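Proteins get letters first, then strands, A, B, ... in listed order; numbering begins at 1 in each. Please read these numbers as outputs of a predicted model, since none were measured by experiment. Only heavy atoms go into these numbers, but all of them, side chains included; no hydrogens, no water, no symmetry mates.
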Amino acid sequence: MRKLIIDTDPGVDDAMMILAALRAPELDVIGLTTVFGNCPVEIGTQNALRLLELEGHGDIPVSKGCGKALVVPLGEFPANVHGDDGLGNASFEAPKGKPLARHAAQFIIDTCKAFPGEVTLAPIGPLSNIGLALQLCPELPKYVREVVIMGGSCYAGGNISPVAEANIYHDPHAADMVFRADWPVVMVGLDVTQQIVMDNSFLNKLYAAQTPATDFLKRIQPLYQAFHANIYGFTAGEIHTHDPSVTAYLVKPDLFGTLETPVHVETNGRCMGFTIADPLKQWGERRAAKVCTRVNAEGVKNLLYDLLAR
Amino acid sequence: MRKFWIDTDTASDDAVAILMALQAPDVEVLGISVVAGNVPVDMGCQNAGYTVEVCEKNVPVYRGTALPLSREPSYAYFFHGPDGMGGMNYPATKTPIQTGGVEAMVNAIRKNPGEITLVTLGPLTNIANALALAPDIAKKVKICYLMAGAACTVGNVTPAAEYNVWFDPEAAYAVYHSGMKMVQVGWELCRGEANISDSEQADLRAIGTRRAEFAIDCNRQAVATNKKWLGDPSLPLPDPVTMAIALDPGIARRQGDYYVDIAYGQANTDGMTIVDERNVLQKPKTVTVVWEIDVPAWKRMLRESLL
């Protein structure tokens, strides 16, 4: 089993990612760390606790992290995408548990040091906690097995600007720290996540399973679907499969094709948050990341169905 | 006793500033956190530790952040010498160097809410990381004196920028926008008459204490470089001027509150401190900028710390 810390801003698509990961026998989720992004970090932390408690995982620790980016000021939260509560305005009761007193960055450092070479980090929100952990502990990379990010877009255009994907855009400095560090990074970005489309027929089949996970998703996803319909003109309830694709990659990496390339992040101006692939290393040496560029979309959906519906 | 925390990239002028705080009779220095800047962080720890030793004090020195947020470090050996201390090659310090500088600073501020005067003598990376780790400290620091920037004047590493801000402008941006109560002491305040002249240096060294000899000797390369490179009269001591104002705010003779922004990612103005002197942006005033100091008072305070 692969030890996993999910760094998350839950978040509608974060919820599906986390619920699927908790159900995957290949994955051992040993902590959730929270960050601002889809909603304020205080709300996201409540959501993280709620998601763990849904199917009896209240023993897994939650650690609250950064409420803003390391450098850029806090912008508005995307309530039109994820709701004011981060979960599609579905009005859940308060969770029972509480987060740890330790900051997420410190939790990540301590946990990775406790299991050298074993822990995989799965950041599916802005990368502030990971960047801060690298600042506080520059030797962190040598303790970490792999970093599998949902974020970025090298060749597919952006979703928060013409060039930028939202997670990277919200803390471009932290993102660049992660791509600059000497550790194995996998980027699961819009290049693949926008190719994996879940429509009403898929989602209704999923909801028909009536597991606690699918019942939860059924409550939170309508607003997310409405957003996709508004912005992309979808007519059959389609949504892109962003964060859950990370769970799919962790369980079955051969569903994805990757390009080995250094990645740089633009930190300024109107191209802020653009993840720039440099396969020819024209901008100098930097450890190559594996950028997902191809995907077996049906395979990913089938895998997520199997995880969530059983 | 007033409580101070010093954050420093300890090279020669930092050493003198630390010395002044350690000698101030009514000040307790709770800790010194070191950051990369003039010299690499480990060299800065050695220099800070040695300074504490010269003062025969027992103050903890913590290793802080080793790299700027978004850039490669660009050290200032040319100004401070290959050891940061004028090539004096002082012996390895016996002061124990502890890790976790950012965390130690956060803990000290949280334990003493509203009481700590924070004095920053280097790039603002440690402070930015502390604010990311613990945003609440912005309102728990009593006041922060920054040796940073060049207020509406020329820079010293580029035409626009002063070294500490230029070394990590992203960190400076985060700190300047944090809402902490801040006083900016720019490098221009140690120039000209505020320089310690050659004859003043001789007088100070002649005091004959170990501290006096140390303060002058470790700055010998800074004197030479300052004359040749910047065309100033003699020894510039930006960090000690900042510490003098932190110790006695009356040394700031003229100051005002402004919205101050930091340029980053702008190539030729990277690290510039943009003071909205005329309030044309109509933004809340965030930083107190010192325009003029009482030069004789500053020099008296320096002398007293060396007696």
Within the supplied structure, the quantity of interest is the number of heavy atoms (other residues, nucleotides, ligands) at a distance under 6.0 Å from Y169(A) OH; does it exceed 12? no

Quick check on K290(A): does its NZ atom have over 12 non-hydrogen neighbours (other residues, nucleotides or ligands) under 6.0 Å away? no

For chain A, which candidate among S70(B), A174(B), A66(B) shows the most heavy-atom pairs at distances under 4.5 Å? S70(B)

Considering all heavy atoms of both residues, which atom of C66(A) and which atom of A132(B) are nearest to each other, and what is their separation? SG-O, 4.1 Å

Give the interface residues of residues 172-185 of chain A toward chain B, defined by a heavy-atom separation under 4.5 Å. H173(A), M177(A), R180(A)

Quick check for you: to the nearest 0.5 Å, what is the distance between T99(B) atom OG1 and L136(A) atom CG? 11.5 Å

Nearest non-hydrogen partners of L132(A) and N129(B), listed with the distance: CD1-OD1, 3.7 Å

Within a 6.0 Å radius of atom CZ on R270(A), are there more than 12 heavy atoms belonging to other residues, nucleotides or ligands? no

Is chain B contacted by the side chain of L70(A), its backbone, both, or neither, given a heavy-atom distance below 4.5 Å? both

Turns out that what part of R71(B) lies under 4.5 Å from chain A's heavy atoms comes down to backbone

OG1 on T267(A) to CG on L69(B), rounded to 0.5 Å: 11.0 Å

Where Y264(B) and N268(A) come nearest, the two heavy atoms and their spacing: CE1-OD1, 2.9 Å

Are more than 12 heavy atoms, taken from residues, nucleotides or ligands other than E72(B), located less than 6.0 Å from that residue's CD atom? no

Can you see which heavy atom on H103(A) is nearest to which on L133(B), and at what distance? CD2-O, 3.2 Å

